[in-house]
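Since the structure comes first, as structure tokens, the remarks are kept for the end.
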Amino acid sequence: MNLQVVYCNHQTAGLDIREKLAFSSKEQLDQAYSVLKQSYPATEIVVISTCNRVELYTATQDSEIGPSHQDLARFFSEFHQVPVSDFFEDFLERTGPDAVRHLFQVASSLDSMVLGEPQIVNQVKEAYQCATDNALCGPLTHALFQQAIRVSARVRTETQLAEGRVSIASVAVGTFGKGIFERFDDKTVLIIGAGEMAEETLTYLKDEGVKHIIVVNRSLENAQKLAGRWGGEARPYEELEDCLASADVIVSTTGASRPIVDIACFERVLKKSGNKTFFILDLGAPRDFEPGVGQINDNIFLYDIDDLEATCEKNRRARQKEVENALAIIDEETERFMHGVYHRATGPIIKQLREQWHDVREQEVEKLFSKLSHLDEKDQDLIKRSIEQIVNKLLHPPLEVLRQEAREGTPHGLLDALKQLFHIRD
């Protein structure tokens, strides 16, 4: 069995790279799965695409039939129309136990920008479900992702990673927002988008006393649902510029494939709003605001996902002991998972080898008895048991070594040798 992940995340690549490789909608991801299924029909595949990471997991029974690191880079290049040279240095690969450990760290939020944040495990679940819906999961990815979800729960239960500010929204509001505005109860908040990130940001803004909330979304119905839950008002997407002009705090979380607010748009907004201060939190990946919007004047404070990284790293250092505890759990769970994988890999070989030697034994016993027709049933049973014991003793050393290698690590070398020596086919 061959496991692999290729990925870029907030630690390896800037937002300008991640947004080029991200899948900004379910429809786009379904299209990508269709291409991958056609290109690699014997490969299990799961894609995780969030504001902080793009990851593609593959699993095959045979390492020779699955896509390589270069193959998958080429897929991203062709699908997103981005030259491979633009991102390949940031597009990392892990295989085998390292790929398993990486997913467990991702699901447990150890690899998140905000340590301990709870959203990532839901995103992992959604990614797994999407791959399942597209018929690209199989025995190994089912086992891997189900175990990753269980590991996340164990880390959350047995460590204190989830204490304090554990989300991008909480860090953004608590750190950046309070550095701009002393109070929020007199501010108008505009939420662009109606997803999980928008809802979570509203949680923290409400805690800061926000009263006036406007929600704009391409689906007015979804905007109305979110606004209704938080005592806000929903406005049609066509009124976006007027809503921008009336807002003090703007939180954008659409995940659109290109910026929805460019410099020209915001300059029109400024003519309507006057020279007031804007706090803009762009949580989209790809970004919803052109970076140049933050440079129009000194009263516009525009922050994107990457701007949060330094603050989040400080948060991580403060909880290093909990990180170490979580990593110990993940190492233990990775070893346990790989032992299970190796055990499953050796099972068919052991079964075939036993069946093959059993057939040989049966054939030779029949030949022997045809020449010794004077033997009674009791004598024949004695001979059968004796030959069976000889076969079992001859099989014991190679099978025991195979089991031992499966307990300690990958038994691929021995498996291949046994297949060649005894002409065993997959």
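Please read all numbers here as calculations on a predicted model, not as lab measurements.
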Pair F104, T334 - check side-chain contact (heavy atoms from CB on, under 4.5 Å), show working.
CA-CA 8 Å; F104 289 177; T334 299; 3.5 Å; yes
Quick one: [atom1] on [X] to [atom2] on [Y], what's the gap to the nearest 0.5 Å?
| X | Y | atom1 | atom2 | answer |
| --- | --- | --- | --- | --- |
| Q31 | N134 | CD | CG | 11.5 Å |
| N325 | I330 | CG | CD1 | 11.0 Å |
| L103 | I48 | CG | CD1 | 5.5 Å |
| H69 | Q4 | NE2 | CD | 7.5 Å |
| L92 | D98 | CG | CG | 12.0 Å |
| Q105 | S152 | CD | OG | 12.5 Å |

Residues [X] and [Y] bridged, charged N to O under 4.0 Å:
| X | Y | result |
| --- | --- | --- |
| E238 | R218 | no |
| E333 | R101 | no |
| R53 | D111 | yes |
| R287 | D282 | no |

Quick one, D185 with E208, criterion side-chain contact (heavy atoms from CB on, under 4.5 Å). Give me CA distance, side-chain angles, the key distance, then yes/no.
CA-CA 7 Å; D185 59 344; E208 295 297 330; over 6 Å; no
With side-chain contact (heavy atoms from CB on, under 4.5 Å) as the test, pick out the partner of I192 among T253, L240, V251.
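Answer after filtering T253, L240, V251: L240.
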Can you confirm whether [X] sits close enough to [Y] that some side-chain heavy atom of one is under 4.5 Å from a side-chain heavy atom of the other?
| X | Y | value |
| --- | --- | --- |
| L3 | L144 | yes |
| V5 | E93 | no |
| I213 | L202 | yes |
| L205 | F184 | yes |
| K272 | D242 | yes |
| V210 | W230 | no |

Quick one: does [X]'s side chain have a donor or acceptor within less than 3.5 Å of a partner on [Y]'s backbone?
| X | Y | result |
| --- | --- | --- |
| K276 | A245 | yes |
| T50 | N52 | yes |
| N217 | L220 | no |
| S25 | Q28 | yes |
| D248 | T188 | yes |
| S34 | D30 | no |
| T12 | N9 | yes |
| S77 | A73 | no |
| K225 | E221 | no |
| E290 | I263 | yes |

Show, in sequence, the C-alpha distance, side-chain angles and deciding distance for E332 and R154, and conclude whether the salt bridge (Lys or Arg N to Asp or Glu O under 4.0 Å) test is met.
CA-CA 12 Å; E332 177 189 327; R154 184 182 168 195; 3.2 Å; yes
Once the angle between the rings of H80 and F23 is folded into 0 to 90°, is it parallel (under 30°), tilted (30 to 60°) or perpendicular (over 60°)?
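Rings of H80 and F23: tilted, 30 to 60°.
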How are the rings of F75 and F79 set to each other: parallel, tilted or perpendicular (split at 30° and 60°)?
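Ring orientation, 0 to 90° scale: tilted.
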For side-chain hydrogen bond (donor to acceptor under 3.5 Å, both in side chains), just list the numbers for E55 and Y57, CA-CA rounded to whole Å, side-chain angles, deciding distance to a tenth of an Å, and then say yes or no.
CA-CA 7 Å; E55 306 193 340; Y57 292 81; 2.7 Å; yes
State whether the number of non-hydrogen atoms from other residues, nucleotides or ligands found under 6.0 Å of D298 atom CG is greater than 12.
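Atom CG in D298 is not packed in, count stays at 12 or less.
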Would T254 and D288 satisfy side-chain hydrogen bond (donor to acceptor under 3.5 Å, both in side chains), going step by step from the backbone distance to the final call?
CA-CA 7 Å; T254 72; D288 290 331; 2.5 Å; yes
Relative to F87, does K20 satisfy both conditions: NZ or CZ under 6.0 angstrom from the six-membered ring centre, and within 45 degrees of the ring's axis?
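The answer is no; the distance or angle limit is not met.
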Proximity of Y7 and F91 rings by center, below 6.0 Å
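No, too far apart.
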Cut-off 3.5 Å, side chains only: do Q129 and D133 have a donor facing an acceptor?
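Yes - a donor-acceptor pair under 3.5 Å links their side chains.
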Donor on one side chain, acceptor on other, D71 and S68, under 3.5 Å:
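Short answer, yes.
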